[in-house]
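Step one of this worksheet: look at the structure below.
Throughout, protein chains are lettered first and strands after them, A, B, ... in sequence-line order, and every chain is numbered starting at 1.
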Number of protein chains: 2
Amino acid sequence: MEVNNAPKIGPVLQKERKERHLTLDRLAALSGVSRSMLSQIERGEANPTFAVLWSLTQALGIDFSQLIAGGITHQRKAEAIELVTLALTPEIKSPDGAWRLRILSSPALAGRVEWYEVEIAPGSKLQSAPHAPGTFEHLTAYTDGLLVETELGRQELLTGETARYRADIGHEITNGGTETARALMVVLYDQEA
Amino acid sequence: MEVNNAPKIGPVLQKERKERHLTLDRLAALSGVSRSMLSQIERGEANPTFAVLWSLTQALGIDFSQLIAGGITHQRKAEAIELVTLALTPEIKSPDGAWRLRILSSPALAGRVEWYEVEIAPGSKLQSAPHAPGTFEHLTAYTDGLLVETELGRQELLTGETARYRADIGHEITNGGTETARALMVVLYDQEA
DNA sequence: ACACGATATCCATTATATCGGAATTTCTAT
DNA sequence: ATAGAAATTCCGATATAATGGATATCGTGT
């Protein structure tokens, strides 16, 4: 790999080892990882494999997640401006070509916030199974003819209008018009904050 | 290593990837890990290094500890479908008519997630002061000619392309084209619990 | 100061993680 | 069915993780 901005786990491991009054040799015997490898890992001069890391957590009796100091286990990377070209934008197409979703949100946000450009063929519908409890959808129509239906009601949309509804129950979006319909769909999962 | 009784993370990673509708190629582009390596890891035929695992958790936006286990969910209340007509959709217009924002997100979400339809006149720019620390913006171009600039860099956008950048520093969006430019802007405030 | 045992690092060798391109399989469409 | 495209898996080449023995460093007495 060209760059490695992964967190430093060397010092963490060294700290755990020293707290247990273990020598490199002793830990090597316990974990099955060689002393030299341990030395390199602790000094950040090696990039251990998963198997090695796992052995170490077992030998030290620590939780795997403890390897990352401070508990911040996912950090925002993008320092500059990140560009997602059209070709790299994930798409979901229905088997019968009734609809197409372009996933505009970042994969890193999946399960928290997602937004899509929706395209539905005339007379077709996009049916969705219930999402996780507490999930809401917000649909803004870019064209006329769209209809939203859930177990709790139905609502037609004109261009520019927005519908907000629970998505933790069955719901479907129908294009009742004669042209391909487009819309913006934002899915907001319950944040429980 | 002779023995490896470490947990199987391959299936976990594959599940996360598929949930995001990413191909091996796309995840490779996102993470910097080759598609062949990804394939091997998912099938348990490789023993990835820490650096590789870290890249993957970053690209997928999952917690490092999720590689071992998994679990979530909660719930909330009920309502029907709420409709926001075009006339009721809040708008912000610049004094000089250089740009216009339509606030598509719910006011209840303000300060957490907000999304806008942006319109910028030819040759004009939308300048924004820094938002709260940790805030990110995601801009998807609906037309050509848009240019995003922050203190950290600049990026031109073609139709359908998406830019992601920090919004906790000064940033501006310019329409360098000769037609009115349109885009979707999603502002995501830092949620860290 | 000087040893001397204990511990950690360096070095050459081996094993394998990682990569890019080719071959294969899977999917989609006609 | 069959062709084409897309996605995944296979394969040879390379970079590097991992090892065991040799060397260096540290610590603790005397």
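Note: A:Trp115 and B:His138 have perpendicular aromatic rings, judged against thresholds of 30 and 60 degrees for the angle between ring planes. A tilted orientation is assigned to the rings of B:Trp54 and B:Phe64, their planes being inclined by 30° to 60°. Between B:Tyr189 and B:His131, the angle of the ring planes lies from 30° to 60°, which puts this pair in the tilted group.
Taking atom CZ of residue A:Phe50 and atom P of nucleotide D:dA18, one finds them 13 Å apart after rounding to whole Å. The distance from atom CD1 of B:Ile9 to atom P of C:dA17 is 12 Å, rounded to the nearest whole Å. At whole-Å resolution of the value, CG in B:Asn47 and P in C:dT16 are 10 Å apart. Put simply, CG on A:Leu56 is 15 Å from P on D:dA17, counting in whole angstrom units. Atom CD1 of A:Ile41 is separated from atom C1' of D:dT19 by 12 Å (rounded to the nearest Å).
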With the sugar-phosphate defined as primed atoms, P, OP1 and OP2, and the base as all remaining atoms, what B/S/- string results for nucleotides 5-11 of chain C, 5' to 3', for protein heavy atoms under 4.0 Å? --SSBB-
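The 5' end of DNA chain C is approached more closely, in terms of each residue's nearest nucleotide, by B:Leu38 than by the other of A:Ser94 and B:Leu38.
Look at A:Thr49 and you'll find a side-chain N or O under 4.0 angstrom from OP1 or OP2 of D:dA18.
Side-chain contact, A:Thr159 with A:Asp144: a donor N or O sits under 3.5 Å from an acceptor N or O. Using modelled atom types, one finds no donor on one side chain facing an acceptor on the other under 3.5 Å when comparing A:Glu45 with A:Gln40. For the residue pair B:Thr23 / B:Asp25, no side-chain donor-acceptor distance below 3.5 Å is found, with atom types taken as modelled.
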